[in-house]
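One-based numbering along the sequence shown. Atoms within a ligand are numbered from 1 in the order they appear, just like the ligands themselves. Hydrogens, waters and symmetry mates play no part in the numbers below; they use all other heavy atoms, side chains included.
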Amino acid sequence: MEVYKGDVLSEGIAVGKAYVEKSGFAKWVKKLGGKQDKKALERAINDSIKQIEEIKNNNAENQDYLNIQILLISDPILKEKTFNLLDAGMSASQSVDQVLDEYAQSLTSSTNQYLQQRAIDILDIKNRILSNLNGSDWRLADTHFIYYARQLHPSFLIQNKKKILGIVTNSGGYSSHTAILCRQLNIPYLVSKIKVKDEDLIVLDTRKQQIIVNPDQENLSHYEEIIKKLANESYQAVVHKDFGFYANVSDNSELDKVLEYNFDGVGLYRTEMIFMNTNRPYTYEEQYEIYSEAVEKLTFKPIYFRTFDIGDDKQLPYIKSYKKGIDNYKNNPVLFRTQIEALINANKYDNLGIMFPMIFNNEEFNYLRNWVLDIKKELGNTSQIKLGMMLETREAMEKLREFENVDFISIGTNDLVLSIYHINRNLQKEQMEKYINDLVSKIAEVVQICQDKGISLSICGELAAITNALKSFMKIGVKNFSVATPAIRVLNKVYKEFRVK
Ligand code: PEP
Ligand code: MG
């Protein structure tokens, strides 16, 4: 039995067998010997090309982007460089890891923004080749497991959420989308470096900030008992007069908890997370079914869908993404339109709102608002739909008085803190004291502007579920908060203290 300490990114207790990511730990993947490494590498490259061809056939809008991916993978220089490293004694995985990391590095250090963005494409290609190379791709595991990786992207988590009992990674931060998703899906997540191999039994206990590898029988029985008890736990929102308690969700399966815990509605539905479930764009029919089911479930409670917000750590394999924001819609107009049509038609109870992420100025907001209104008119749809925006850029915050026709605003503190204070979302919780007072005073001005303009305001970033930040937001008059469902406990606690004072 070995016990390791870890930093907690999502709370909970889990017991299960380990599954160690193969491709992420490329350096540890063995050399096959002889000509076998070259053969395996060639096969992995060809499989990767085939997969992208298949994605391309279902995706008219991103042909150019996917063709570039194919060109990059087929590049003879890539093959030559990796083969040279094989000759020098490296394993196939190690050589792919090294060559493509070097490509990505050189793009990242470029001063050209377009090239910098393309580094993500290279890493995407690298992961694809590596997972084809390691036939025992973890995504193929068919039992429940605790996953150990160097780092983890949200798309992998989404595609395997039903199998993953818990996660340990070598690096990661509290506001990364992987951590956000874990908190929403109730999956315990710690950051640590541990020694573990496939099939070892692991216990994650975030209350003690620890990971036990191969626990003894006494510990095992103890934790199995606790897990049974936790499974029956339920929470209820306290009576919260004049305040709104909303939920952040990424999947319809979370809506049962929204109702069970008695939230007032969904304040942020991250629709891009739905899009990560497949290797091709969702059709109108598929989206309509998902949004309708959600709206139906919530019936008279409001539900605010955010239009797909891709970029940074949220990548889709079938779309070329741009800097987070409006360019993703302008360059993928069919995808945007399909989503909007499905949302508008799903609005049967007038409880649906649509919000746009990463807005920089009034022109952008109005461009998207008019686009939605035109589509609504073409559809002959007469339902009431609220159209609002995320406030998550310094530029929009500074010019907020200039905005027109905004029905509601939701403050995305994760991007806003990055935009104003240049603090990466992974470090925002630890470094909170550096910026929180200044941020609160800036948000106090937003509260005033929204009051003057009659715009309803909420906060949906991760700070809304951190006790001290939440206290300060309540003090300056913010009334609506949107958090992952388990954070109802934080809302309840802070609200009660606030009322007593
Ligand atoms: C935010 O930026 O605070 C936010 C809620 O959006 P996301 O975390 O999905 O970027
Ligand atoms: Mg954001």
Side-chain angles (χ1 to χ4, degrees), residues 9-10 120 152-155 157-158 172-185 189 246-251 254 265-276 303-316 321-329 339 353-360 364-365 368 388-397 408-429 431-432 435-436 439-440 442-443 446 457-466 469-470 473 478 480-485 487:
L9 299 189
S10 171
I120 294 167
L152 187 60
H153 293 291
S155 52
L157 175 56
I158 292 212
Y174 186 82
S175 301
S176 69
H177 282 101
T178 303
I180 289 173
L181 273 171
C182 282
R183 291 195 290 277
Q184 286 180 189
L185 300 170
Y189 178 11
Y246 295 90
N248 292 347
V249 303
S250 301
D251 190 287
E254 294 175 60
V266 169
L268 166 64
Y269 197 131
R270 288 182 164 95
T271 62
E272 64 279 2
M273 300 293 188
I274 304 176
F275 288 12
M276 289 181 192
I303 175 161
Y304 296 100
F305 289 91
R306 178 175 72 187
T307 48
F308 64 94
D309 178 24
I310 53 174
D312 292 344
D313 64 342
K314 287 181 294 194
Q315 296 293 324
L316 301 173
S321 68
Y322 295 80
K323 195 164 65 90
K324 275 171 98 180
I326 194 167
D327 286 349
N328 285 303
Y329 308 137
Q339 176 168 52
I354 298 177
M355 66 176 158
F356 311 120
M358 296 304 283
I359 293 293
F360 280 77
E364 284 187 0
F365 176 75
L368 292 174
M389 61 179 253
M390 304 269 302
L391 180 57
E392 50 183 355
T393 66
R394 179 180 54 78
E395 290 80 353
M397 199 169 201
F408 64 93
I409 283 177
S410 193
I411 301 180
T413 55
N414 310 335
D415 278 301
L416 189 60
V417 169
L418 175 65
S419 172
I420 302 179
Y421 308 104
H422 310 288
I423 299 176
N424 179 303
R425 61 171 66 220
N426 282 349
L427 303 170
Q428 290 175 3
K429 191 178 180 203
Q431 301 192 2
M432 211 171 87
Y435 62 84
I436 191 69
L439 181 69
V440 169
K442 285 190 164 65
I443 293 182
V446 173
L457 176 70
S458 67
I459 300 184
C460 66
E462 295 316 290
L463 290 180
I466 297 177
L470 180 58
F473 296 147
V478 181
N480 302 305
F481 300 96
S482 195
V483 299
T485 52

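The Mg ion (ligand 2) has an N, O or S atom of E392 inside 2.8 Å of it.
Close approach of ligand 1 to K324 is summarised as follows: ligand atoms under 4.0 Å from at least one heavy atom of the residue are 10 (O). Interface of G461 with ligand 1, defined as ligand atoms under 4.0 Å from a residue heavy atom, comprises 3 (O).
Side-chain atoms of Q339 come within 3.5 Å of backbone N or O of F308 as a donor-acceptor pair.
D415 contributes atom OD2 as its closest N/O/S atom to the Mg ion (ligand 2).
Closest protein heavy atom to atom 6 (O) of ligand 1: R306 NH1, 2.9 Å. Scanning the protein for heavy atoms near atom 5 (C) of ligand 1, the closest one is R270 NH2, 3.4 Å.
Note that K323 lies in the cation-pi zone of F360, set by a 6.0 Å cut-off to the ring centre and a 45° limit from the axis.
You'll find the side chain of D309 stays beyond 4.5 Å of the side chain of M390, heavy atoms only. Taking the side chain as every heavy atom from C-beta outward, M355 and L268 approach each other to under 4.5 Å.
For atom 2 (O) of ligand 1, the nearest non-hydrogen atom from the set H177, E392, Q428 belongs to E392.
One distance of note links CE of M276 with OG1 of T271; it measures 10.0 Å at 0.5 Å rounding.
Heavy atoms of M390 approach ligand 1 to within less than 4.0 angstrom.
A pairwise comparison of heavy atoms in L9 and R183 identifies O-NH1, 2.8 Å as the closest pair.
Heavy atoms of L268 found under 4.0 angstrom from ligand 1 belong exclusively to the side chain.
An N or O contact shorter than 3.5 Å is missing between E272 and ligand 1 by distance.
The aromatic rings of F473 and F481 sit parallel, their planes meeting at an angle under 30°, below the 60° perpendicular limit.
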